[in-house]
Peer 1: 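My structure is below; once you've seen it, I'll send some questions.
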Amino acid sequence: MKEESAVEVPQPLPSGPSAFIPAQVILDEGARQEVMTDTLLSVSHADHIATIMGLHPAYLGCFLRTQNALLQPDGPLPLPWRHYIIIMASARHQCSYLVKLHSSAFQLAGGDESWLRGLHCAPPKIQRLQTLNKLLAHRPWLITQEHIQELVCPGADPRWSLAELIQAVVLMSHAHSLASFIWGCGIHPEPDSTAEQHPPSASPAERLAQPPPPQREDPNRQEWTEAVNEVQLLMEKMMLVQQQEEEFTPEEMVTRFERERTESILEPAEVVRAALPDSISRFVQDPDFIYQDFSPRGEQSPPTMRAQDYSWEDHGFSLMNRLYGEMAQLLDEKFQVVCALTYHTMAMHTHVDTSTLRKALWNYIHCIYGIRHDDYDYGEVNQLLERSLKVFVKTAACHPEKTTLRMYSSFWRQFLHSEKVCNGEGIIYF
Ligand SMILES: CC(C)C[C@H](N)C(=O)O
């Protein structure tokens with residue numbers, strides 16, 4: 001095991017779409033994806049998000065289709081309202097990138113500027129979404145039937161229709177997870193249209209082709225050998241996991257889940273919470289309400305939810321299909337693409353079956369949110385995910401604004417950046 005102190009302290013990159021990934025690397029790794037350029041060219045102004053997500057063209061395609069559908073002119077909620085809901089939702093994760101982007105879009109769509117002074121200036125109907133917004137962002141397990149009833153029942157004033165509410169919920173969830181992606185990939189703010197260094201007319205390729213940032217020193221030979229061995233070891237563990245036939249009792253399976261959940265508490269280093277800037281805090285009510293860790297004896301611990309009792313495939317999809325059919329299809333496609341997304345690569349190796357590793361990551365994120373798959377042995381998470389990876393994943397998923405370059409650089413040091421690009425939805429991690 002390498003000592004913490006031996007890890008080089010990474011320096012933030014000065015320019016380009018991401019503070020974590022050098023612009024040149026995005027170009028190089030992107031060039032390996034044949035369709036990337038096409039996908040990027042079809043995005044009229046490829047922003048930093050699309051540029052980084054374009055490392056996975058199949059995912060970028062689904063993402064953009066979903067986002068475009070959410071923001072197309074027709075639909076139950078007026079367009080300015082939809083931008084405003086995204087602002088409120090991204091503010092919960094302190095994502096000034098999205099707050100800024102959608103404040104401009106809100107104005108362009110004809111929104112009433114005075115609302116941008118803060119939540120208290122928005123219509124009461126929008127303000128009533130606050131509770132749902134904060135629960136969805138930080139502790140979704142607390143949402144009950146009453147929260148929905150309160151908004152849609154005939155006596156509710158002002159009342160939300162089901163069609164409006166489902167659109168608002170998808171908008172909020174979309175913004176929450178996108179905020180995790182933005183923090184998790186260290187995405188830089190978009191250049192101001194007034195700023196000199198990046199004229200808005202620059203094409204994505206031009207913007208990427210900035211002078212490369214000062215390169216860090218190449219890892220020395222010993223470090224490289226060590227890294228190669230780490231990947232080798234991980235691949236051996238994956239083989240072992242695949243061959244494992246041992247069956248555990250249901251009780252043992254629960255214990256293994258609980259163990260993983262309890263251990264995750266220790267993962268992120270506690271950082272003192274800084275006061276929110278006014279540009280964010282004006283859209284946040286109750287800023288101290290954040291993700292709450294599981295505690296084995298704590299009364300307020302998140303309950304466990306069995307994935308078999310409520311899942312997208314068996315329940316979520318059909319409900320949404322009735323109320324917002326187009327979105328149900330798009331989200332379903334997005335989930336399917338991401339579950340199947342693999343290039344069969346592992347750092348310097350090709351033709352690898354990475355399914356066990358991807359499944360461990362997926363299930364680990366569900367685990368931190370208290371979701372248990374009762375046919376999955378959580379011992380695999382423990383075997384396959386190194387501690388630094390868990391710290392990163394947990395931070396990006398639960399406290400995205402605390403993700404640092406150091407966390408990003410500490411895990412999977414041998415892997416391509418495109419393999420590390422991560423989404424707090426728990427989904428893009430290839
Ligand atoms: C999680 C990653 C290591 C996935 C891998 N790059 C793949 O193509 O499947």
Side-chain angles (χ1 to χ4, degrees), residues 18 20-22 25-36 39 52-63 177 180-181 184-186 224 226-243 260 264 267 334-368 373 376-397 403 407-430:
S18 157
F20 299 171
I21 313 171
V25 170
I26 300 170
L27 272 180
D28 293 348
E29 291 189 21
R32 285 179 221 183
Q33 306 287 351
E34 285 158 21
V35 249
M36 179 184 175
T39 318
I52 302 291
M53 220 178 249
L55 290 169
H56 304 289
Y59 184 79
L60 176 64
C62 300
F63 168 85
S177 52
S180 284
F181 179 81
C185 297
W224 177 249
E226 207 173 297
V228 171
N229 289 343
E230 275 172 28
V231 180
Q232 196 65 43
L233 197 70
L234 180 54
M235 291 193 14
E236 280 162 23
K237 285 187 196 160
M238 284 162 55
M239 303 259 272
L240 277 180
V241 161
Q242 259 157 6
Q243 287 159 3
E260 222 25 75
S264 81
E267 304 305 346
K334 188 152 88 103
F335 298 150
Q336 285 188 26
V337 164
V338 89
C339 281
L341 192 54
T342 176
Y343 309 95
H344 306 283
T345 59
M346 280 271 289
M348 59 295 274
H349 300 272
T350 51
H351 308 293
V352 187
D353 175 1
T354 57
S355 51
T356 48
L357 183 57
R358 291 182 288 120
K359 192 166 180 186
L361 269 164
W362 179 278
N363 286 347
Y364 179 62
I365 299 175
H366 281 182
C367 169
I368 348 180
H373 297 257
Y376 183 73
D377 169 16
Y378 288 83
E380 293 183 14
V381 166
N382 214 23
Q383 278 168 277
L384 301 180
L385 309 190
E386 61 192 59
R387 185 176 179 278
S388 53
L389 171 58
K390 288 187 190 168
V391 172
F392 173 79
V393 169
K394 177 159 185 194
T395 311
T403 317
M407 286 176 193
Y408 175 85
S409 311
S410 303
F411 74 95
W412 283 2
R413 293 170 304 150
Q414 333 59 5
F415 287 66
L416 295 178
H417 283 281
S418 60
E419 293 179 290
K420 296 174 66 163
V421 164
C422 164
N423 182 329
E425 241 178 312
I427 12 205
I428 318 192
Y429 41 70
F430 304 92

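Quick caveat, the model's predicted, so the values are computed rather than measured. Indexing begins at 1, ligand by ligand and atom by atom, following the structure's order.
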Peer 1: Considering only heavy atoms, does Arg358 approach ligand 1 within less than 4.0 Å through its side chain, its backbone, both, or neither?
Peer 2: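 For Arg358, the contact with ligand 1 is made by the side chain alone.
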
Peer 1: Could I get the full list of side-chain hydrogen bond (donor to acceptor under 3.5 Å, both in side chains) partners for Ser388, not counting sequence neighbours?
Peer 2: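 If we apply the side-chain hydrogen bond (donor to acceptor under 3.5 Å, both in side chains) test to Ser388, skipping adjacent residues, the hits are Glu386.
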
Peer 1: If we only count N/O pairs under 3.5 Å, is Trp412 in contact with ligand 1?
Peer 2: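 It does not: no N or O of Trp412 is found under 3.5 Å from an N or O of ligand 1.
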
Peer 1: Need the ligand 1 atom indices (1-based, order shown) with element for anything under 4.0 Å from a heavy-atom of Thr342.
Peer 2: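 So the atoms of ligand 1 that pass are 7 (C), 8 (O), 9 (O).
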
Peer 1: Indicate the ring-plane relationship of Tyr378 and Tyr376, choosing parallel, tilted or perpendicular according to the 30° and 60° boundaries.
Peer 2: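 Plane angle over 60°, so perpendicular.
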
Peer 1: Give the atoms of ligand 1, by number and element, whose distance to some non-hydrogen atom of Tyr343 is under 4.0 Å.
Peer 2: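 Once the distances to Tyr343 are compared, the set is 7 (C), 8 (O), 9 (O).
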
Peer 1: Suppose we screen for side-chain hydrogen bond (donor to acceptor under 3.5 Å, both in side chains). Which residues come up paired with Gln242, at least two apart in sequence or across chains?
Peer 2: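 Only Asp353 meet the side-chain hydrogen bond (donor to acceptor under 3.5 Å, both in side chains) criterion with Gln242.
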
Peer 1: What orientation do His373 and His366 show, parallel under 30°, tilted 30 to 60°, or perpendicular over 60°?
Peer 2: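 Rings of His373 and His366: parallel, under 30°.
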
